[in-house]
Amino acid sequence: MSPSPENAARSSRYENGWISINRLIREGEGWSGHERKVLYWNNGDGTFSDVSGVSGLDFPEDGRAFAAFDFDQDGDLDLVLKNRNSPQLRLLRNDSPNQHHSIAFRLHGTKSNRDAVGARLVLETTSGRRLAKTVRSGSGFLSQPTRTIYFGLGEETRIRKLTVFWPSTPPQEFGTLPVDHLMQLTEGQPETKAVPFRPRSRAAGANRQSSIAQSSIPPGFWLTEPLPAPPFALRSLDGSPRTLESLRGKRVLLNFWATWCAPCQAELADFQKQQKDLEARGLVPLLVSVDEPGDEAKVRRFVRDRGLPFQVLLADEVVVKVYSVLVRNLLDHASDLVVPMTFLLNESGEIVRAYAGRTSVDQIGKDLERWPANREELLRGALPFSGRAYVTDFRRNWALFADSFALAGFSGQAVNYLQYITRIQPEFADAFDHLGLLHARQGRWQQALEAHRRAEELGLPGPVVQTHLATALTQLGRLAEAELAASRALAAGPSDADALRVWAAVVSRRGNPQKALPVLQRALDLDPENADGHYNLGLLYQKLGRSADALAAFRHVVSLDPGHADALNTLGVLYAESGDPSQAIDSFGRALRTKPAFAPAHRNLGLVYAQQGRLGEAEQSLRAALKLEPRYAEALNDLGGVYLKAGRFREALPLLQQAQREKPDLAEAYLNAARAHLALGEKQLAIAALQALLQRQPNHAAATDWLQRLRP
């Protein structure tokens, strides 16, 4: 293992690495890949043999811990294996075919510690064998084997002497002891208690069923708290759209199925047979087929041939993915959406019970009779066993839950869930702050500001919420307020790297990059691998006219984060300005591979293509920018400029006029409009365009000079 650094510093890559690892673990991946478990046989001569395969213990699960203890009390040690993934627990009974003898000792300390940890037992047999073991504690990773000491005796049946070296008293000897017994010894007392082992089970043959019954999947489970079902609008078999929202006010049986799924077929037949029972219970069945889009005819045939009387909708890829994320959260990432899968929704459209696998109307009926009247009853039904509840406030980790949807690309659904929790728990400050971050990721800075403000009002401590406030205010152009928020963040966390970085960014935006520079450098000393910090440093160097330093900073950002779209876009601009179009195009392309919906990168790429005379590619890139941002004034003007180069003057004019409306101070849009009018022989309209610019910018030199030359 490498040594720790002399000077500890925060590492963003290290932190992000753990975030990524934990995300993979939550999604069912393993720490150890497909490394199978290993069992070694002690050859008795200081060597061991690998018997993993022949023993049957070479399981592929991601094991975390194991412990040996005699859970069937027959005198040989059995195993329990604890895995991180499924099955999380394996009980392995030792049913070796040879009927050898053994003896076990359970010690009770009086002057020594109660469990006699540290006691050493030396056993001597009549054949002269001498065996020794020590009572230990904490000898396994995340596990503790039994502190009952077992000795395997093979074919020997007589013990000559046992000596116990207690931790706190002189050694104690015990005479002839019976084999195949558990001996209970107390420190300082000569008496022993012998408990015979239970008869050993017959070894399991190759064709013999295991005597341990397989646990069946429970018929369903109640949620600890209601969960809004993700909304959808899907096409029914008659072609009309259907929404889940339209069933609000009714209890809904939402069933996911497929024509190729045999359990689904049996389940649907049961639903059909007992349709009247479902209707009598006030339950509305809604069946969602997850068959492939190309199998719609097969679904129609299936429904028609069986005469299914229920609403049948055709799932799209988005609905399947969204409900897979939901199921992974409900089942602790043990499974995606499986079929059949059924949810019971209350009148508010919230899931209260789920069935993973086939269920029946009889089972659903029993559950409806136990339908919880409130959250407390729902919680009691959700707990897996009865007993006294010392903790009754079970809460979902809503931030993690929402993040799982956002990371899967469903930010809208993530926002919906956080908005839901802020409605039912209006004092939940963390939820408001997290909601603000999701709004910020989607560029909704006003909504982000409002959410962070609410978190601040609720008293969220520390510099974090102030940092988020400063970021939102900066994006909204409210720089004076942003600086106040950044100053509060810095006061709450003087050594917080994020607070320092945001404060420096705000101060730089307010026109004082020289003052911001040492603060940003301090932030990078605390967090030297923060790509955003180095990006801000590059922007500062640009403002200070230090072009070489800026270029080096942006390159360093990309070395830390090869997919940093903003840095790649800025690098592309610098390469284009320095006359290196090939590197510029490469940088813009890499930015767009990371962030396809990055309108400025599309626009900048279009400009480079235009400079090279590649007008078709320029038009394509600029149209991509405008598809993302239809009111993007600079892109409108640039596309108009491309049309001017291509001689498409009449097509250029509407684009240039729209650019003027979107951004009235964009001088180039007026100048390009004047060029287009002149090319079309419309001198007076060209003069009007230049006059419109001078009304906005009376001292614009190019417009003034041009207007003087055009007037008689």
Side-chain angles (χ1 to χ4, degrees), residues 477 509 511 513 539 542-547 550 569-581 584-585 588 599-626 629-712:
R509 285 279 296 271
L539 296 178
Q542 277 187 312
K543 289 185 177 182
L544 293 170
R546 296 166 58 175
S547 302
N569 179 57
T570 307
L571 271 175
V573 172
L574 292 176
Y575 289 137
E577 291 174 348
S578 65
D580 192 344
I585 290 171
F588 294 137
H602 282 289
R603 180 219 172 193
N604 290 332
L605 182 59
L607 288 175
V608 176
Y609 283 143
Q611 289 168 1
Q612 291 188 304
R614 298 159 64 176
L615 300 184
E617 292 165 287
E619 179 181 358
Q620 185 178 2
S621 294
L622 290 166
R623 287 205 173 277
L626 290 169
E629 296 184 22
R631 302 178 62 182
Y632 192 171
E634 288 81 1
L636 288 162
N637 173 66
D638 296 333
L639 184 55
V642 168
Y643 285 172
L644 288 179
K645 287 187 177 182
R648 297 159 64 180
F649 307 115
R650 189 64 66 189
E651 294 176 72
L653 282 170
L655 296 167
L656 299 169
Q657 289 161 357
Q658 185 184 349
Q660 294 168 27
R661 290 193 297 272
E662 300 297 344
K663 194 169 184 179
D665 288 328
L666 184 59
E668 193 62 29
Y670 297 91
L671 297 176
N672 278 337
R675 293 184 182 100
H677 285 303
L678 286 174
L680 292 167
E682 300 168 349
K683 182 178 178 181
Q684 291 305 314
L685 292 176
I687 291 173
L690 294 170
Q691 288 174 332
L693 173 56
L694 289 169
Q695 286 179 353
R696 296 268 174 193
Q697 301 179 31
N699 298 320
H700 195 285
T704 302
D705 179 63
W706 199 354
L707 189 58
Q708 288 174 350
R709 286 188 284 111
L710 285 176
R711 283 176 173 165

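Computation of the quantities below employed the complete heavy-atom set of this structure, encompassing side-chain atoms and omitting hydrogens, waters and symmetry-equivalent molecules.
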Exercise. Crowded around K543 NZ? As in, over 12 foreign heavy atoms under 6.0 Å?
Worked result: yes

Exercise. What residues form a salt bridge (Lys or Arg N to Asp or Glu O under 4.0 Å) with R675, not counting sequence neighbours?
Worked result: E668

Exercise. Among all residues two or more places apart in sequence or in another chain, which pass the salt bridge (Lys or Arg N to Asp or Glu O under 4.0 Å) test with E619?
Worked result: R623, R648

State, to 0.1 Å, how close [X] and [Y] come at their nearest heavy-atom pair, and which atoms those are.
X	Y	result
A652	L644	CB-CD2, 4.2 Å
A669	N637	CA-OD1, 3.2 Å
L693	A703	CD2-CB, 3.7 Å
A633	A659	O-CB, 3.5 Å
Y670	A692	CE2-CB, 3.9 Å
L656	A673	CD1-N, 3.6 Å

For this session: Any chance you could measure E629, atom CD, to E662, atom CD, to the nearest 0.5 Å?
Result: 11.0 Å

Exercise. Do D580 and L574 come within less than 4.5 Å of each other through their side chains, counting heavy atoms only?
Worked result: no

Exercise. Is there a side-chain contact between L680 and L653 (heavy atoms, below 4.5 Å)?
Worked result: yes

[X]: partners by side chain to side chain donor-acceptor pair (under 3.5 Å), with sequence neighbours left out:
X	result
Q612	R614
K645	none
Q658	none
K683	none

For this session: Scan for side-chain hydrogen bond (donor to acceptor under 3.5 Å, both in side chains) pairs involving residues 691-707, sequence neighbours excluded, and state none if there are none.
Result: D705-R709

Seminar exercise, completed: Contacts of A618 meeting side chain to side chain contact (heavy atoms under 4.5 Å, CB included) (sequence neighbours excluded), chain-then-number -> Y609, A610, V642

Exercise. With sequence neighbours left out, what residues match L655 under side chain to side chain contact (heavy atoms under 4.5 Å, CB included)?
Worked result: L636, L639, Y643

For this session: Determine which pairs satisfy salt bridge (charged side-chain N to carboxylate O under 4.0 Å, His left out) with at least one residue from residues 601-610, sequence neighbours left out, and list them in order.
Result: R603-D638

Problem set entry | Donor-acceptor contact present, side-chain Y575 to main-chain I585, <3.5 Å | no

Exercise. Do N604 side-chain atoms and P600 backbone N/O form a donor-acceptor pair below 3.5 Å?
Worked result: yes

For this session: Might you work through the side-chain contact (heavy atoms from CB on, under 4.5 Å) test for L626 and R631, ending with a clear yes or no?
Result: CA-CA 7 Å; L626 290 169; R631 302 178 62 182; over 6 Å; no

For this session: Decide yes or no on side-chain contact (heavy atoms from CB on, under 4.5 Å) for L605 and E617, but give the supporting numbers first.
Result: CA-CA 9 Å; L605 182 59; E617 292 165 287; over 6 Å; no

